[in-house]
Amino acid sequence: MATKDPQATQLARLAGLVADETRAACLLALLDGRAWTAGELARHAGVAASTLSEHLGKLVGGGLLSEERQGRHRYVRLADERVAQLVEDLAAHVSPGAVRRPRNLRESSAGSAMARGRTCYDHLAGRLGIAVTDALTSRGLLRQDTGFALTEAGLGWFDAAGIPLDRGGRRPLARGCLDWTERRPHLAGVSGAALCRHALEAGWCVRIGSERAVKVTPTGVRALGELLGIEVGALG
């Protein structure tokens, strides 16, 4: 009798955690990088609080979510950047034709905003994320031919722009993350997170709506134009 591969068992267990619509909805919502309360996620997923609590227990127990309690509130977030990458990569494999059409103008507007610009855990995604990635690449600041890697000029660009990079951790400085709306990789990793954080803190971008959508401000239009030659109006 053949011995079971322990990796196969673990992979099947992981797949089982994601293979539930309510749990998948929670994972997608938490791609905004923020901590949500159990009540907020229950309303987002459209289920009772007791049902959601059971699902969260499985996701926390499986290592996909981390949790903390403050008073009577239970907060959860994605466990780490690797989980965010897994969720975004799986979402990118969903056929565009399989995505439900918006039921009204509000949903259509929200979907358009998400496609135009959003956060993917802690970095920029959508057409905005792709535009930034393409601009860095065309200027020789980022290489994509042998995987994502910042060039020496790229490291200098981040320093000159006042965007510090933590080079002491285990997370790669640059990594490609497949964009689920654009079907192309955008910049993730330490540099992608630092750029997104700076864009929000410097007021280049602001969050809009209740999901992950962001929009570029007039300050951001000027900064992205001066630093990377990006014409924000072309994002549509």
Side-chain angles (χ1 to χ4, degrees), residues 29-36 75 77-78 80-81 84-85 88 109-144 148-182 184-236:
L30 291 168
L31 275 176
D32 67 1
R34 294 178 285 188
W36 288 48
Y75 290 88
R77 64 172 72 244
L78 296 182
D80 53 34
E81 192 258 350
Q85 179 185 350
E88 184 79 1
S109 298
S112 296
M114 286 277 282
R116 186 163 50 248
R118 65 182 182 278
T119 55
C120 171
Y121 188 53
D122 62 0
H123 52 272
L124 296 172
R127 290 194 289 276
L128 174 59
I130 293 297
V132 168
T133 302
D134 286 348
L136 289 168
T137 303
S138 66
R139 282 161 176 72
L141 308 177
L142 174 70
R143 294 187 59 180
Q144 297 189 44
F148 272 50
L150 292 180
T151 64
E152 287 299 321
L155 293 172
W157 182 88
F158 274 87
D159 288 339
I163 306 175
L165 299 177
D166 179 9
R167 308 183 197 184
R170 299 177 59 183
R171 189 178 182 185
L173 275 179
R175 177 183 65 77
C177 178
L178 185 60
D179 196 293
W180 65 267
T181 53
E182 299 303 301
R184 296 173 52 203
H186 55 243
L187 177 65
V190 171
S191 56
L195 184 55
C196 178
R197 182 169 58 250
H198 184 81
L200 291 169
E201 291 177 351
W204 296 359
C205 298
V206 292
R207 295 185 183 276
I208 56 175
S210 59
E211 298 192 48
R212 296 183 282 139
V214 298
K215 70 174 181 180
V216 181
T217 66
T219 299
V221 171
R222 290 192 297 272
L224 292 173
E226 292 171 1
L227 293 173
L228 291 171
I230 295 175
E231 296 183 7
V232 177
L235 298 177

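- With sequence neighbours left out, T119 forms a side-chain hydrogen bond (donor to acceptor under 3.5 Å, both in side chains) with R207.
- Contacts of D80 classified as salt bridge (charged side-chain N to carboxylate O under 4.0 Å, His left out), with partners at least two apart in sequence or in another chain: R82.
- Residues L165 and L155 are in side-chain contact: their nearest non-hydrogen atoms beyond the backbone lie under 4.5 Å apart.
- Contact check for L128 versus V216: side-chain heavy atoms found under the 4.5 Å cut-off.
- In this structure, the side chain of T151 engages the main chain of G140 through a donor-acceptor pair within 3.5 Å.
- Counting only residues at least two apart or on different chains, no ring pair (Phe, Tyr, Trp, His ring centres under 6.0 Å) pair has a member in residues 151-172.
- The only option from P172, S191, P185 that meets the side-chain contact (heavy atoms from CB on, under 4.5 Å) definition with F148 turns out to be P185.
- Residues meeting the side-chain contact (heavy atoms from CB on, under 4.5 Å) test with A199, sequence neighbours left out: W204, C205.
- Inter-residue side-chain proximity for R222 and T219 is flagged as met; some heavy-atom pair is nearer than 4.5 Å.
- Every side-chain hydrogen bond (donor to acceptor under 3.5 Å, both in side chains) that R143 has, sequence neighbours left out, goes to D145.
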Could you please spell out the steps behind the salt bridge (charged side-chain N to carboxylate O under 4.0 Å, His left out) verdict for D122 and R175?
CA-CA 13 Å; D122 62 0; R175 177 183 65 77; over 6 Å; no

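- Applying the salt bridge (charged side-chain N to carboxylate O under 4.0 Å, His left out) test to R77 and every residue at least two apart in sequence or in another chain returns nothing.
- By the side-chain contact (heavy atoms from CB on, under 4.5 Å) test, A149 pairs with no residue at all, sequence neighbours left out.
- Looking at every heavy atom in both residues, R171 comes nearest to A193 through NH1-CB, 3.9 Å.
- Residues satisfying the side-chain contact (heavy atoms from CB on, under 4.5 Å) criterion with S138, sequence neighbours excluded, are absent altogether.
- Across all non-hydrogen atoms, the minimal contact from L31 to A84 is CD2-O, 3.7 Å.
- A 4.5 Å side-chain heavy-atom check between D32 and Y121 finds every atom pair outside the cut-off.
- With sequence neighbours excluded, the residues forming a side-chain hydrogen bond (donor to acceptor under 3.5 Å, both in side chains) with T137 are Q144, listed by chain and number.
- Side chains of R118 and T181: a donor-acceptor N/O pair is present below 3.5 angstrom, by distance only.
- Remark: C120 pairs with E88, H123, A125, C177, H186, R212 by the side-chain contact (heavy atoms from CB on, under 4.5 Å) rule, at least two apart or across chains.
- With sequence neighbours excluded, no residue satisfies salt bridge (charged side-chain N to carboxylate O under 4.0 Å, His left out) with E182.
- Rounded to the nearest 0.5 angstrom, L150 CG and L136 CG are separated by 8.0 Å.
- The stretch residues 129-139 participates, sequence neighbours left out, in these salt bridge (Lys or Arg N to Asp or Glu O under 4.0 Å) pairs: D134-R184.
- Using a 4.5 Å heavy-atom cutoff, the side chains of L187 and V132 are not in contact.
- Considering all non-hydrogen atoms of both residues, G126 and D179 come closest at N-OD2, 2.7 Å.
- Salt bridge present: D159 and R167 bring a charged side-chain N and a carboxylate O closer than 4.0 Å.
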